[in-house]
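To start, the structure under review is shown below, and the notes come after it.
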Amino acid sequence: VQLQASGGGLVQVGGSLRLSCAASGRTFSSYFMGWFRQAPGKEREFVAAISRRGYNTYYADSVKGRFTISRDNAKNTVYLQMNSLKPEDTAVYYCAADFSVVNYRNYAGYAYWGQGTQVTVSS
């Protein structure tokens, strides 16, 4: 599967952005999907994940209550709605996919990655 992330940009503190990740192929609903982010000088970290049909969602503590992950299998797209953004949310955001994920928080468990989209939150 090929993944294309979009929707990043520059936003002020407290603002919102919605990231999208469009997938190629006809088996999108077979993939467990995740969002990760990486700030300069830091390791890639887990943000959110969603099960194949969207019934189960998972969040990092740092974004819980502010971010919402969702998916539209008919459109082969996964979304990350980000509200109440903070300067510490500034990073490159990546979407990831895999058929089977043992530990959804571990980036090494995902075989497929999008190219990343920059999110910058200014104070």
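- Note: F67 and Y93 have tilted aromatic rings, judged against thresholds of 30 and 60 degrees for the angle between ring planes.
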Take V119 and R37, measure what side-chain contact (heavy atoms from CB on, under 4.5 Å) needs, and give me the verdict at the end.
CA-CA 9 Å; V119 172; R37 65 187 182 187; over 6 Å; no
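- In this structure, T77 contributes its side chain and A22 its backbone to no donor-acceptor pair below 3.5 Å.
- Figure legend: R71 and Y31 shown without cation-pi pairing, the cationic atom not lying both under 6.0 angstrom from the six-membered ring centre and within 45 degrees of its axis.
- Summarising the geometry, atom CD belonging to Q81 is positioned 9.0 Å from atom CG belonging to L19; distances are rounded to the nearest 0.5 Å.
- Nearest approach of N73 to S29, heavy atoms of both residues: ND2-CB, 3.4 Å.
- A donor-acceptor pair shorter than 3.5 Å can be found between the side chains of T120 and Q118.
- Under a hydrophobic clustering in which Ile, Leu, Val, Met, Phe, Trp and Tyr are joined whenever their side-chain heavy atoms come within less than 4.5 Å, directly or via other members, V13 and M82 fall into the same cluster.
- Under the 4.5 Å side-chain heavy-atom criterion for grouping Ile, Leu, Val, Met, Phe, Trp and Tyr, V47 is connected to V11 within one hydrophobic cluster.
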Given side-chain contact (heavy atoms from CB on, under 4.5 Å), test S6 with T117 step by step and report yes or no.
CA-CA 6 Å; S6 62; T117 185; 5.5 Å; no
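- Here the shortest heavy-atom pairing between A23 and L3 reads CB-CD2, 3.6 Å.
- Annotation for E43: atom CD does not count as buried by contact number, only 12 or fewer foreign heavy atoms lying within 6.0 Å.
- Residues W113 and V92 fall within the same hydrophobic cluster, defined by Ile, Leu, Val, Met, Phe, Trp and Tyr side chains chained together at heavy-atom separations under 4.5 Å.
- Put simply, OG on S51 and CE on M33 are 12.0 Å apart, with the number rounded to the nearest 0.5 Å.
- Across every non-hydrogen atom of A97 and V1, the tightest pair is CB-CG1, 4.4 Å.
- In this structure, A48 and L80 approach most closely via the heavy-atom pair CB-CD1, 4.1 Å.
- Geometric assessment of R18 against the ring of Y79 yields a positive cation-pi assignment under the 6.0 Å and 45° thresholds.
- Under the 6.0 Å cut-off for aromatic ring centres, F36 and Y110 qualify, their centroids lying closer than that.
- By the 4.5 Å heavy-atom criterion applied to side chains, Q4 and Q115 are counted as neighbours.
- Within the model, atoms CG of L85 and OG of S123 stand 13.0 Å from one another, a figure rounded to the nearest 0.5 Å.
- Between R105 and Y58, the closest side-chain pair of non-hydrogen atoms is not below 4.5 Å.
- Taking hydrophobic clusters as Ile, Leu, Val, Met, Phe, Trp and Tyr residues chained together by side-chain heavy-atom distances below 4.5 Å, V78 shares a cluster with Y112.
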Apply side-chain contact (heavy atoms from CB on, under 4.5 Å) to K75 and S20, showing your working.
CA-CA 11 Å; K75 295 183 178 179; S20 299; over 6 Å; no
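- Here K86 does not pair with D89 in a salt bridge; the nearest charged N to carboxylate O distance is not below 4.0 Å.
- Taking the salt bridge (Lys or Arg N to Asp or Glu O under 4.0 Å) definition, one finds that K42 meets it with nothing, sequence neighbours left out.
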Step by step, would you call F46 with N106 a side-chain contact (heavy atoms from CB on, under 4.5 Å)?
CA-CA 7 Å; F46 169 74; N106 185 354; over 6 Å; no
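- Residues C21 and W35 form a side-chain contact, since some pair of their non-hydrogen atoms from C-beta on lies under 4.5 Å apart.
- Nearest heavy-atom pair, S16 versus S84, reported as atom, atom and distance to 0.1 Å: OG-N, 4.4 Å.
- Smallest separation of non-hydrogen atoms from F32 and V101: CD2-CG2, 3.8 Å.
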